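Since the structure is predicted, the reported quantities are computational estimates derived from the model, not experimental observations.
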There are 2 protein chains.
Amino acid sequence: MAKSARLSGFPERLPAQRVIERSIIDTLEHTFALHGFSSIHHRAVEPLSQLAKDGEIDKEIFALSRLHSEGAERNPLGLHFDLTVPLARYVADNASELAFPFKATRIQPVWRGERPQQGRYREFIQADIDVIADTDLPGHFEVEIPLAVADAFSRLEPLGVPGIRIVVNDRRLLEGFARGIGLDNVQAVLRCLDKYDKVGPAEVARLLGVEAGANEEQQDLCLRLAAIESDSPEFAAEVRALGVEHPLLEEGLESLTTMLTAANDRAPGVIVAQLKIARGLDYYTGAVYETQLIGHEELGSVASGGRYDSLATVGRKNYPGVGMSIGVSRLMAHILDPATGITATRGTPSVVVIAVADEDRRADADAVATALRARDIACEVSPSAAKFGKQIRYAERREIPFVWFTDGEGGHEIKDIRSGEQTPADPATWEPADADRRPRVYRA
Amino acid sequence: MAKSARLSGFPERLPAQRVIERSIIDTLEHTFALHGFSSIHHRAVEPLSQLAKDGEIDKEIFALSRLHSEGAERNPLGLHFDLTVPLARYVADNASELAFPFKATRIQPVWRGERPQQGRYREFIQADIDVIADTDLPGHFEVEIPLAVADAFSRLEPLGVPGIRIVVNDRRLLEGFARGIGLDNVQAVLRCLDKYDKVGPAEVARLLGVEAGANEEQQDLCLRLAAIESDSPEFAAEVRALGVEHPLLEEGLESLTTMLTAANDRAPGVIVAQLKIARGLDYYTGAVYETQLIGHEELGSVASGGRYDSLATVGRKNYPGVGMSIGVSRLMAHILDPATGITATRGTPSVVVIAVADEDRRADADAVATALRARDIACEVSPSAAKFGKQIRYAERREIPFVWFTDGEGGHEIKDIRSGEQTPADPATWEPADADRRPRVYRA
């Protein structure tokens, strides 16, 4: 006998909201299938030893213990906080059974013990795509990943998701630039650049001095690099105009140029090189990505990722990977804002309620339902043989558009309760309009 | 940099296995939509106070704690061990926003800290359907639930799931019978009957004597009741022939008779009254259900449930419910047995690999992929411009049936690598056969 127990940071959806959430998930899954990503599903748990490697994330982990177990667990477990750590471990577990390069997508919840706040949850759904290679990972995958995400977002637009801007950079470019101007504490440079949007250029310059030992000229060059932003492969000329030379810088420039050239062709304007993007805390080694909802930049990145040169190891073999992670729950937080006007036509799958004239004639209604279901039409039989007015209100309250009546002598009529129109119908042939057949997401 | 870390009791699927698992899940979801069940998704956690009410289940709960949190949590949480407790709490949380009777389906993982064994896991997927009312729950829902499950299983047969037998009983029938023969410790009677299949009738008789205080005549009557099994509503005459009278017995008989009458009409032979079924530990108050895979009864019940007269409470209002839970992971354990011959055509969604003749001409291949995807054809571009033989082997290893070649001058050919046949093709019009379009589950 349960009682109410809402928990902050653990969103659950009402049926009509879930229709919207499922539409997003289905659209993402469908797009990633079109791009050749195999759909897999990770267990929720990992050994704590896999999760708690870098101090930064430790405090966010939910650890598990069995109630009433005797003593400490030999192999303590925690809930995964992202879908990258589980994928890396899955690849290590199954390396001999997978074909590489392995393209995988997972759409499922992750858990973080953070303080809940606007758009941040303790349980939230992520949709990830990754490509993992067992030797070299060709650079064109760094182009394919954001273009697949761009394709997915373009298909989400009818569901109320605004247009996006995927901002990209390349760790080699940043490292090569830093080393090329004589700053060898690359991590410190990345950490400083990472604060650009939060603290502004003047403070970044100061921090570069304090933390990376940059002199005024080096600070100035870093700021000039960080200010470069372009959706054209021509951006490389702006970088070269700064006069810095380093082989890593060249590699990064070439890779970003290739990406913008392909993007100009396949998703014009969506992908923007933004050389201040560093993603400071993560161990990326090539491309890095963040994604803004145009007009809603304050929500933060809704799809992030990058390239890791060493995602997993099996024996002496090393598995590089590149991927992005879409924050489905963060998108939902935006869509469910009443200002968007996005809503579902109904929360139940039924398009018809079959009325029951008399409890003794329930079998007549059941037979109609069986005939409709055999032709893929979702329906339900009225819960009671109440007055027809009450049965119609049952449908109305659920925004189910049709009520079906049987007269017990083989006669059938169907009423569209929006128009009030009632017409003869045959359970073997009646069809709803496509727009009514399933719950549908629309902008009010 | 992850390493391998398999965990016993936490199954993960390889891509082709996941195709099978998703086919099962999609079939269940689709069937339950046709029957008017709204799809919702529960958060993974509940307050421990909601989970740990009855001593029996305590030891199976995974409790959560935040790593490095200071001191005890104010509201300790655990992972849900079924989908009934979360639904009851969801109804209590959202009672004012839901329309009753509320028909809900959820297909998602649950967790139990049990010792893993054949067909039993620590993380496993359940598919539940329930109807919850806010006042009275009409008895016909006790009929609809197993018939919806029967419909779902009939649609699972092409995926290698054997035929089923849903065995049903009614708690009122058992309680009325026990009281009618003068045994007032009904819980003890249920507990003894629950052991029928495990220990046999002679031992059940002895236990009834010891635990329920039954004399020989009472023991004999109980065993004669427990032996009754029939798929016909005529079974009621066999019960009445035992000469026991009690109002609850009559209620239970009437309800089961209605169920078998409807079942004979809509799913002949699938639903069988089996009066030894008690489901001793659960707090059911009407119908109870278990489901056997025909020929694989040793797997145990693959779909169980029943009616609760008090699932949730809000203030003074009481919410009765009836539902069943399908063990998706247990079905998977059966299907993945190589003896079934069930397999998926491939683990990747791609039906075509677009070959790359030269890395400089990758954009040609990308353009073909974009054209195919626009017409809903899943494909991937070859990861490298290796020799064509190697690119064909890339497709072969993944059982992708087609490889597409571009000649750089607007010419296109497609090769079916099963037949070796190579023919001209147009990215704007080429279509795969329906059987090839998506990965498909079949019996080898």
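- Closest of all the heavy-atom pairs between Ala263(B) and Leu147(B) is CA-CD2, 4.0 Å.
- To the nearest 0.5 Å, atoms CZ (Phe62(B)) and CD (Glu114(B)) are separated by 9.5 Å.
- Note on Ser384(A), Ala16(A), Ser38(A), Pro109(A): by heavy-atom pairs under 4.5 Å with chain B, the leading option is Ser38(A).
- Within the 4.5 angstrom heavy-atom criterion, no atom of Glu399(B) approaches chain A.
- Listed here is the closest heavy atom pair of Arg437(A) and Asp376(A): NH1-O, 3.0 Å.
- Contact between Ala104(A) and Arg106(A) at its shortest, heavy atoms only, is O-NH1, 3.4 Å.
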- Message: Let's go through Thr313(A) and Asn318(A) carefully: what are the C-alpha distance in whole Å and the side-chain angles of both, what is the deciding distance for side-chain hydrogen bond (donor to acceptor under 3.5 Å, both in side chains) to 0.1 Å, and is it a yes or a no?
- Response: CA-CA 5 Å; Thr313(A) 52; Asn318(A) 181 48; over 6 Å; no
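- In this structure, Pro439(A) and Thr348(A) approach most closely via the heavy-atom pair CG-O, 3.5 Å.
- Heavy atoms of Pro383(A) lying under 4.5 Å from chain B belong to its backbone as well as its side chain.
- Only the backbone of Ser382(B) has a heavy atom closer than 4.5 Å to any heavy atom of chain A.
- Counting heavy-atom pairs closer than 4.5 Å to chain B, the top residue among Ser350(A), Ala367(A), Pro15(A) is Pro15(A).
- For Ala44(B), the parts sitting under 4.5 Å from any heavy atom of chain A are the backbone and the side chain alike.
- Only the side chain of His140(A) comes within contact range of chain B, with heavy atoms under 4.5 Å apart.
- Closest approach of Leu51(B) and His80(B) over heavy atoms only: CD2-CA, 4.0 Å.
- Listed options Asp366(A), Val381(A), Leu372(A), Val85(A) were ranked by heavy-atom pairs under 4.5 angstrom with chain B; first place goes to Asp366(A).
- One distance of note links CD of Gln50(A) with CZ of Arg89(A); it measures 7.0 Å at 0.5 Å rounding.
- With chain B as partner, the option from Glu380(A), Glu12(A), Arg398(A) having the largest number of non-hydrogen pairs under 4.5 angstrom is Glu12(A).
- Considering Tyr308(B), Phe100(B), Tyr90(B) in turn, Phe100(B) is the only one that fulfils the ring-ring contact (aromatic ring centres under 6.0 Å, His included) rule with Tyr319(B).
- Ala369(B) does not touch chain A: none of its heavy atoms, backbone or side chain, sits under 4.5 Å away.
- When heavy atoms are compared at a cutoff of 4.5 Å, Val45(A) approaches chain B by way of both its backbone and its side chain.
- With a threshold of 4.5 angstrom between heavy atoms, Ala262(A) does not approach chain B through any atom at all.
- Between chain A and the options Ala363(B), Pro349(B), Ala378(B), heavy-atom pairs under 4.5 Å are most frequent for Pro349(B).
- Counting heavy-atom pairs closer than 4.5 Å to chain B, the top residue among Gly347(A), Ala5(A), Ser39(A) is Ala5(A).
- Heavy atoms of Ile377(B) lying under 4.5 Å from chain A belong exclusively to its backbone.
- The most heavy-atom pairs under 4.5 Å with chain B, out of Arg346(A), Arg397(A), Arg22(A), Gln17(A), come from Arg22(A).
- For chain A, the option among His35(B), Arg18(B), Glu97(B) with the highest count of heavy-atom pairs below 4.5 Å is His35(B).
- A donor and an acceptor atom, one from each side chain of Arg13(B) and His41(A), are nowhere located under 3.5 Å apart.
- Heavy-atom distances place the side chain of Leu79(A), and not its backbone, under 4.5 Å from chain B.
- Looking at Glu21(A), there are no atoms closer than 4.5 Å to chain B (heavy atoms on both sides), in backbone or side chain.
- Here the closest heavy-atom approach between residue Ala148(B) and residue Phe32(B) is recorded as O-CE2, 3.8 Å.
- If you measure heavy-atom distances from Arg155(B) to chain A, the contacts under 4.5 Å come from the side chain alone.
- Of the atoms belonging to Ala63(A), heavy atoms from both backbone and side chain fall under 4.5 Å from chain B.
- In this structure, chain A has a heavy atom under 4.5 Å from the side chain of Pro138(B), while its backbone stays farther away.
- How far CG of Asn94(A) is from CG of Leu14(B): 5.0 Å, rounded to the nearest 0.5 Å.
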- Give the intermediate values and the outcome of salt bridge (Lys or Arg N to Asp or Glu O under 4.0 Å) for residues Glu359(A) and Arg362(A). CA-CA 5 Å; Glu359(A) 210 45 65; Arg362(A) 176 167 291 276; 2.4 Å; yes
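- Atom CD in Glu123(A) sits 11.5 Å away from atom NE2 in His42(B) (nearest 0.5 Å).
- With a 4.5 angstrom heavy-atom cutoff, Gln108(A) does not touch chain B via any of its atoms.
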